[in-house]
2 protein chains.
Amino acid sequence: MIVILLILCQIVLLMKYILQDLKVNINNNIYLKDPESSDLGKKIVEFSILLINDIGFDSFTFKKLGAKIGSNESSIYRYFENKHKLLLYLTSWYWGWLEYQLVFTTNSISDAKEKLTKAIEIITRATKEDSAFSHINEVLLNKIVINEYSKSYLTKEVDNENKEGYFSIYKRLINRIKDMIIEVDNTYRYPTSLASTVAEGALHQHFLRDHFSSLTDCDDQITPTTYFIDLVFNSLNHTTNG
Amino acid sequence: MIVILLILCQIVLLMKYILQDLKVNINNNIYLKDPESSDLGKKIVEFSILLINDIGFDSFTFKKLGAKIGSNESSIYRYFENKHKLLLYLTSWYWGWLEYQLVFTTNSISDAKEKLTKAIEIITRATKEDSAFSHINEVLLNKIVINEYSKSYLTKEVDNENKEGYFSIYKRLINRIKDMIIEVDNTYRYPTSLASTVAEGALHQHFLRDHFSSLTDCDDQITPTTYFIDLVFNSLNHTTNG
DNA sequence: ACAAAATTAATAGTATTACTATCATATTAT
DNA sequence: ATAATATGATAGTAATACTATTAATTTTGT
């Protein structure tokens, strides 16, 4: 009976996802006007991903984006205060989307090790397929996160923005992984640091693979997933299983 | 006999260090004119560290630096093409300085595990003391590296700049750690990734401790050093010692 | 000591960025 | 039909990221 209910729940979630009723819930102080609420807003999000991926966040401007979507610079400013806020929006969306996959996929797994393995897989893999339902290209967004995410928090305003809750989705995601680590080994002393190391480290290893191949073992054969699963499980089960 | 020679070597190194004859060798395409070659150059380096630490790299400009040192914007441009190159210079100096400490300290250690432990200690600890001999404040520079280093390579120009050798000191440092890892356990499959994870991850854990305490276990008691030594040695010795 | 060379300072100028403000026009809701 | 709302067009400002030129100062070679 309970099993059937659980399965039904998942089907509902799956349908929501497919029908794009899924909406990543982003702190509404990040935007001035919800970009999901209009065609222009969606276009801003859609094409900013393409443009940032293309020319990089540093040389990305609202003027260039306006030109790209045949719209006015000042119209874009009605949605986002500045490009930094737009980056916060995009990366929050990405982490929310990852969190969704994480929860959805690991939900039904009861074995703690298997669950953690799956979780690591999800946060360390490269996004390979665009969902094709929405205006958001997840493959490119994943690349943007690899190349630009650090810039969203390596600022002088980070403490204020953190207080405002601009990073709460990311923090919740790391927290979920931390909990899964504890479930595997509650004697391990650094579950939070390990969780943040995996998430941040995975982005870094992907970056190194693309630009500094001499600084990583990751290549076509070895993925960041392989490496981090090994790393994590070498640290856990160590004290408990000996 | 050989032992005495080795000791003498170290004494010479130490004296060089104390007398500041030590000069970190930075790729000379990073600067237009060697800042070590003049008073103004040294002032630029000295005060850029103070200013970047103070207002952050993003709002740092050569105009502001000029005002701070009572010199002209255009004079600074004769030393560095732009502030990005200056950041490359400062971070290269930092990694060179760390590499020096690494080589100097681990040089005499013959036990592989002890050597690696010491190495991890050096690259993961927070710089606490300014050497006081030079114009460079290493404590602040360490903070700058924590807050800004990623920005030096998360750019569209990274592949070209890498080819030019702008990151060679950092790469050499990671490579040294990798070699030490292999010396401890030559069956471990990801020595390079582990080395880069420790170096990058340490900066990240320091940052988290300062701004996202819920994402790290590091605090006054637990240092990134403690965490990473545990992490590394859990992965090594695993297959060999069981 | 003095001329030549090199370095630094001062000023000005350009193109771009990162916005803000205003007003006109188009769309939509009632 | 009218009001409300969204978007577009234009203009304008202050700051940034430089380059160029010329003047003043310092260093160096003889």
Side-chain angles (χ1 to χ4, degrees), chain A residues 28-48 51-52 54-90 135 148 151-152 154-157 160-161, chain B residues 28-48 51-52 54-90 135 148 151-152 154-157 160-161:
Chain A
N28 58 18
N29 289 316
I30 287 181
Y31 48 78
L32 295 168
K33 183 181 170 179
D34 186 357
E36 286 299 312
S37 71
S38 75
D39 279 0
L40 180 62
K42 282 178 205 154
K43 256 190 157 180
I44 289 171
V45 170
E46 178 178 2
F47 286 91
S48 67
L51 190 54
I52 291 172
D54 202 26
I55 65 175
F57 184 69
D58 296 335
S59 45
F60 169 87
T61 68
F62 281 179
K63 194 168 197 173
K64 289 176 187 170
L65 178 60
K68 187 136 186 156
I69 63 181
S71 180
N72 203 276
E73 193 190 0
S74 58
S75 304
I76 300 167
Y77 275 107
R78 284 205 195 82
Y79 286 84
F80 295 101
E81 252 176 275
N82 49 48
K83 70 175 184 171
H84 173 245
K85 288 281 180 82
L86 172 59
L87 181 62
L88 286 173
Y89 181 88
L90 295 177
H135 51 293
E148 323 284 1
K151 295 173 192 169
S152 76
L154 295 178
T155 68
K156 281 280 166 185
E157 296 77 33
N160 282 328
E161 295 189 346
Chain B
N28 58 17
N29 289 314
I30 287 181
Y31 49 76
L32 296 169
K33 184 182 169 175
D34 186 358
E36 287 298 313
S37 72
S38 76
D39 279 0
L40 180 62
K42 282 177 205 155
K43 256 189 158 182
I44 289 170
V45 170
E46 177 177 3
F47 286 90
S48 67
L51 190 53
I52 291 173
D54 201 28
I55 64 176
F57 184 69
D58 296 336
S59 44
F60 169 87
T61 69
F62 281 178
K63 194 167 197 173
K64 289 175 187 169
L65 178 60
K68 188 138 188 154
I69 63 181
S71 179
N72 204 277
E73 193 190 1
S74 57
S75 304
I76 300 167
Y77 275 107
R78 282 205 201 81
Y79 286 84
F80 295 101
E81 253 177 273
N82 49 48
K83 69 174 183 171
H84 173 245
K85 287 281 179 81
L86 172 58
L87 180 62
L88 286 173
Y89 181 88
L90 294 177
H135 52 292
E148 323 284 2
K151 297 173 190 168
S152 76
L154 296 179
T155 68
K156 281 280 166 185
E157 296 78 33
N160 282 329
E161 295 188 346

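Chain letters run A, B, ... following the sequence lines, proteins first and then strands; every chain starts at 1. These figures come from a predicted structure and were not determined experimentally.
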**Q** Just to be sure I understand the geometry, which residues of residues 56-66 of chain B put a non-hydrogen atom under 4.0 Å away from DNA chain D?
**A** B/Thr61, B/Lys64
**Q** Considering all heavy atoms of both residues, which atom of B/Ser48 and which atom of B/Leu86 are nearest to each other, and what is their separation?
**A** CB-CD2, 3.7 Å
**Q** May I ask you to check whether over 12 heavy atoms, not counting those of A/Asn28, lie within 6.0 Å of atom CG?
**A** yes
**Q** For A/Lys156, which residues count as a side chain to side chain contact (heavy atoms under 4.5 Å, CB included) partner, sequence neighbours excluded?
**A** none
**Q** Among all residues two or more places apart in sequence or in another chain, which pass the salt bridge (Lys or Arg N to Asp or Glu O under 4.0 Å) test with B/Glu148?
**A** B/Lys151
**Q** Do A/Arg78 and A/Leu32 have side chains that approach each other closer than 4.5 Å (heavy atoms only, starting at C-beta)?
**A** no
**Q** Sequence neighbours excluded, which residues qualify as salt bridge (Lys or Arg N to Asp or Glu O under 4.0 Å) partners of A/Glu81?
**A** A/Lys85
**Q** Would you mind writing out the side-chain donor-acceptor pairs for residues 66-76 of chain A within the sub-3.5 Å range, not counting sequence neighbours?
**A**
unit_1	atom_1	unit_2	atom_2	d
A/Asn72	OD1	A/Ser74	N	3.1
A/Asn72	OD1	A/Ser74	OG	2.8

**Q** Starting at CG of A/Leu40 and ending at C1' of C/dT27, how long is that distance when rounded to a whole Å?
**A** 13 Å
**Q** For B/Glu36, enumerate each residue passing the side-chain hydrogen bond (donor to acceptor under 3.5 Å, both in side chains) test, keeping only those at least two apart in sequence or located in another chain.
**A** B/His135
**Q** Could you tell me whether a side-chain N or O of B/Lys33 sits under 3.5 Å from a main-chain N or O of B/Gly41, the two making a donor and an acceptor?
**A** no
**Q** With the criterion being N/O to N/O and under 3.5 Å, what pairs connect the protein with nucleotides 25-27 of chain D, and how long is each?
**A**
none

**Q** Name all residues meeting the side-chain hydrogen bond (donor to acceptor under 3.5 Å, both in side chains) criterion together with B/Ser37; count only those two or more places apart in sequence or in a different chain, and write none if there are none.
**A** none
**Q** Rounded to the Å, how far apart are B/Leu32 CG and C/dT8 P?
**A** 13 Å
**Q** Enter the inter-axis angle for the ends of the helix from C/dA1-D/dT30 to C/dT30-D/dA1 (five pairs per end, rounded to 10°).
**A** 20°
**Q** Under the ring-ring contact (aromatic ring centres under 6.0 Å, His included) test, which residues partner B/Phe62, sequence neighbours left out?
**A** B/Tyr77
**Q** Starting at CG of A/Asp34 and ending at C1' of D/dT5, how long is that distance when rounded to a whole Å?
**A** 16 Å
**Q** Please tell me whether A/Tyr79 and A/Ser38 have a donor and an acceptor in their side chains that are separated by less than 3.5 angstrom.
**A** yes
**Q** Residues from residues 69-86 of chain A sitting under 4.0 Å of DNA chain D, heavy atoms only?
**A** A/Ser71, A/Asn72, A/Ser74, A/Ser75, A/Arg78, A/Tyr79
**Q** Sequence neighbours left out, what passes side-chain hydrogen bond (donor to acceptor under 3.5 Å, both in side chains) with B/Asp34? Give chain and number order.
**A** B/Lys23
